[in-house]
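Structure first, commentary second.
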Amino acid sequence: MIQFINVSKKYNRTYALREINLRIEPGEFLYIVGPSGAGKSTLIKLLYRQIRPTSGLIRINKFNLTKMKNRNVPYLRRELGVVFQDFKLLPRLTTYENVAYAMEVTEKRPTIIRNRVMDVLNLVGLASKSRRFPDELSGGEQQRVAIARAIVNRPKIVIADEPTGNLDPQTSAEIINIFENVNRQGTSVIMATHNSEMVNQRPHRLIEVVQGQIVRDENKGAYHHAAIYR
Amino acid sequence: MIQFINVSKKYNRTYALREINLRIEPGEFLYIVGPSGAGKSTLIKLLYRQIRPTSGLIRINKFNLTKMKNRNVPYLRRELGVVFQDFKLLPRLTTYENVAYAMEVTEKRPTIIRNRVMDVLNLVGLASKSRRFPDELSGGEQQRVAIARAIVNRPKIVIADEPTGNLDPQTSAEIINIFENVNRQGTSVIMATHNSEMVNQRPHRLIEVVQGQIVRDENKGAYHHAAIYR
Amino acid sequence: MRLFTVKRHIKDSFRSLKRNGWMSVASVSAVTVTLLLLGIFLALVLNVNKLSSEIENDVHVRVLIDRGTTKSQKQHLKTELKELKDVATVQYSSKTNELKKVVGHYGSSFQMFSGDDNPLNDVFIVSTTEPEKTITVTQQARKLKYVTIASYGGTQAKQLFKVMHTIRQWATGFTILLLFVAVFLISNTIRITILSRRDEIGIMRLVGATNAYIRWPFFLEGAWTGLLGSILPIIALDFGYSWLYRITAVQLTSFGYSLAEPRYFLFVLNLLMIIVGVLIGAVGALISMRRFLKV
Amino acid sequence: MRLFTVKRHIKDSFRSLKRNGWMSVASVSAVTVTLLLLGIFLALVLNVNKLSSEIENDVHVRVLIDRGTTKSQKQHLKTELKELKDVATVQYSSKTNELKKVVGHYGSSFQMFSGDDNPLNDVFIVSTTEPEKTITVTQQARKLKYVTIASYGGTQAKQLFKVMHTIRQWATGFTILLLFVAVFLISNTIRITILSRRDEIGIMRLVGATNAYIRWPFFLEGAWTGLLGSILPIIALDFGYSWLYRITAVQLTSFGYSLAEPRYFLFVLNLLMIIVGVLIGAVGALISMRRFLKV
Ligand SMILES: Nc1ncnc2c1ncn2[C@@H]1O[C@H](COP(=O)(O)OP(=O)(O)OP(=O)(O)O)[C@@H](O)[C@H]1O
Ligand SMILES: Nc1ncnc2c1ncn2[C@@H]1O[C@H](COP(=O)(O)OP(=O)(O)OP(=O)(O)O)[C@@H](O)[C@H]1O
Ligand SMILES: [Mg+2]
Ligand SMILES: [Mg+2]
């Protein structure tokens, strides 16, 4: 269970998030939508404790993120699988090594790692590119490596920040299928996204963030923007 | 005028592009679509000569890119404005400085630069964030800085690789408006994108690249993928 | 730590060293050059110290024997001198021999005093176990029978001690300075390379690696950097010094001196260079990382 | 290049220096430490060279004057000696004075020869313009009237020349080594910092900057790094040396020697340190960038 109580985050003088209250049950699938600069990534960064809130309380399962000591942070992060908006792949590791690294840090056995990593790379369609370095991959391929790394440890919570921004609709559909499969096995999925088509055709609980505040929280919410390209 | 004649690009043993023939007239607006890893970015990298073709000939206006000497490349690039898929902002320059840098290299006068830079930052809605460093911006904000930098020099050709991947539909619409405005003033626009909604609602010439080959070239082409999220 | 984790850390450290390419080359060569300087300088200083001690040891007590002392009396005096505390050796030099030395220093105007005209005395030249003991030995020798006078060169010897002392002080001071400089330069280079990889460390943290897990490969990589960086200077120093030892042997022996014998000397020096390289490389890496392991 | 472009480059270089934060601090301090070492060592070597020359200059020609030479004859001889080629000074030392020196060196057994018994000669001590000229001056002096014999210490002096020559050779060799080391370490540090900014350089190329345009700020930044890095060592050296000069003045003067006079000496040394720092910083930056300006 994830709980935000009166959480605010201030950068210098401006608020990126303001008095957020939010509760996410285990096994939920949650979209976070909102305009560029609304505070979606900030909310996600608070979840994996890349940043600390200026005020308020955040709880994830047994962890109290506000009081947590630096040295315990890795154990929180091992329960989460994160797809970062800018991927954050290790530039000097290959596709395979990048995904394996997330398992290695939990001191799993080599044989287990080998099998599991090739499985997830197959899942995201990159098995044939396992020996490539990130700068030898296309944008969408890098994004899929990041997705593979996020799910490789079968985390309790998957957090994805704009995971389909560099993917064509076909591949995006495959990715959302993967996330929904993972979700069906009991994992919570939290996804910040601008992909309105996806949100509308695969409805789940949706919160909309605007200027640092949650302005909408609907169970099968739709992405409203009716033909703005006209 | 841009011309590709029998252009192929091979990375190690695999072809990223194969026998591409393409002609883009001045003032055209061209979408490049296709699945992840199809070769869109490779085609774009060839245009600004980040990479050289393995075989074939590329011409842009008076420049022959295949024969071009390294030291003349900057003069080609000054006629182009490029939005890179991974933004490529200078990490130690602020928003303002990043955009200004592209003008400074052409040795424009300080006063001219100051006015023009603030104009384009206003255009992409980032005037208030001109003193922020890239890592203090949201993903979409960074992408808009990259867009501002691409158009600041009023280039003859604007090339954008997935310029709306991190933008919500509302902001994406504003960005496509900007590109269309620029195009109306005679600038060619070449845009690789996965944004089917945008492509379908603002139709222009469209080429589809699949596995390194152009499989479709239509004047007001649509993005076909009919409800794949079902 | 499980065995496969240990293996992983070792493998990771080598992989990183390899893939960092020019950065690794640059830091290894910084270590190389620094250790080369340190090695050459240490070899120099240690030999200067050795030489200065040997020069000090050249200060002897000159015991002038009463004129007309018989052979057996001289033998008795020699034994007495040998039995004094802190005396190492006692050598006899006849007055004829002494006159030759004077002529050597002051020209042939002394030649006229050869034979019985020789105004000089027979002399025992006493060397002490430590240069500083000459003074007490002199005082004791003066009290013995058949001794006209015993002297050790007085102010001159004192000045020599002082000069040699100053030289050794400077050499030691400069060695300490150079050691600090070497430590600083090596750790500074390691710091810059780690500074340039702070994003990498950040990502490792973000995917759930503990600080200890992140540290190990960097620690090892620092150690390899130091180790690799010490190979060339060790080879250069060993060959260079052995060569120098050989070619200077003849010349220096004629003065009565010699460089330190290479075998043991180089062993100690090599060990020191490896220790400095490896230790500073590894510990420098750890210290430089600290700041980036907080998020 | 337009004036505003010049200004831009200068501004950019300062901005970059500032924003690179710890990286700048690290490279400036690498320059600082390297130049400090170089400075101290140069100061030492130059003084060793000076001292060794002065010691060589202490080798004089001793011209023994025939016994019974009158005062005016001596005066005549003195003039003749002075007129010889390469002679710098001529000093008189009476035989009484000479005996004192002998007693000083060889003990009081010579005391008995005081007054008319004194077997020694009056002496002119001739110093030459250059130590190596003593030999020819000695030969010329031998041919003059009233001269019993002229000598310059023979093998002893030759050995001294040899030792001093060796010391200076070593000092020069080591200085060249250290200069190379300094150049290498500074440029290597600059190289690492630029290596870590290769992506930045790539982006500059991609947005249409010419190589020259990219180079200037890096070149200037390298120069500032060298300049900033030379401030501390210059201050340290200047104060340290002046202090040392003052406290050693009394002691050394008693031996007849002195350290190099600070004013001009430090000026040259400071200039050298700044030049090494700035030049290697700037040129090192240019050379390190070359590889990244190709795409
Ligand atoms: N380190 C920082 N320093 C200052 N301001 C910041 C920092 N990081 C983010 N911001 C600001 O906080 C606001 C929210 O940023 P956030 O990254 O959460 O937006 P977002 O909703 O993820 O947007 P996008 O859809 O563009 O990724 C933005 O206005 C951004 O400029
Ligand atoms: N430096 C490289 N070395 C090897 N292979 C590469 C390199 N760069 C790209 N590729 C491969 O070339 C193919 C085309 O890549 P490209 O970046 O052009 O794809 P794309 O169409 O832009 O895809 P996306 O929509 O995911 O950005 C991909 O399969 C990619 O893995
Ligand atoms: Mg975001
Ligand atoms: Mg691409």
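The chains referred to below are lettered A, B, ... by the order of the sequence lines, with proteins before strands, and numbering in each begins at 1. The structure displayed is predicted, hence computed values, not measured ones. The basis for the numbers below is simple: all heavy atoms, side chains too, and nothing from hydrogens, waters or symmetry mates.
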I'd like to check B/R78 versus D/T210 (side-chain heavy atoms, cut-off strictly below 4.5 Å). Are they in contact?
yes
State whether the number of non-hydrogen atoms from other residues, nucleotides or ligands found under 6.0 Å of B/R154 atom CZ is greater than 12.
no
Only heavy atoms, only distances under 4.5 angstrom. Which residues in residues 105-129 of chain B are near chain D?
B/V105, B/E107, B/K108, B/R109, B/P110, B/I113
Kindly check if the number of other-residue, nucleotide or ligand heavy atoms within 6.0 Å of CZ (D/R290) is above 12?
no
Does OH in B/Y11 sit with more than 12 non-hydrogen atoms of other residues, nucleotides or ligands closer than 6.0 Å?
yes
Please identify, among B/E104, B/E79, B/R71, the residue contributing the most non-hydrogen atom pairs under 4.5 Å to chain D.
B/E104
Could you tell me which residues in residues 82-96 of chain B have at least one non-hydrogen atom under 4.5 Å from a non-hydrogen atom of chain D, sorted by residue number?
B/F84, B/K88, B/L89, B/L90, B/P91, B/R92, B/L93, B/T94
Under a 4.5 Å heavy-atom cut-off, does chain B meet the side chain of D/N20, its backbone, both or neither?
both
Determine, for D/K11 against B/E97, whether the closest basic-nitrogen to carboxylate-oxygen distance falls under 4.0 angstrom.
no
Is it the case that over 12 heavy atoms from other parts of the model lie below 6.0 angstrom from the CZ atom of B/R184?
yes
Looking only at non-hydrogen atoms, find the nearest pair between B/N70 and D/R205 and report the distance.
O-NH2, 3.4 Å
Between B/R77 and D/L206, the two heavy atoms sitting closest are CD-O, 3.6 Å
Name the member of D/R8, D/E200, D/R15 that forms the most heavy-atom pairs with chain B at distances under 4.5 Å.
D/R8
Which atom of B/P74 lies closest to which atom of D/A209, heavy atoms considered:
CG-O, 3.6 Å
Would you check if B/Y101 and D/I203 make a side-chain contact, meaning some heavy-atom pair closer than 4.5 Å?
no
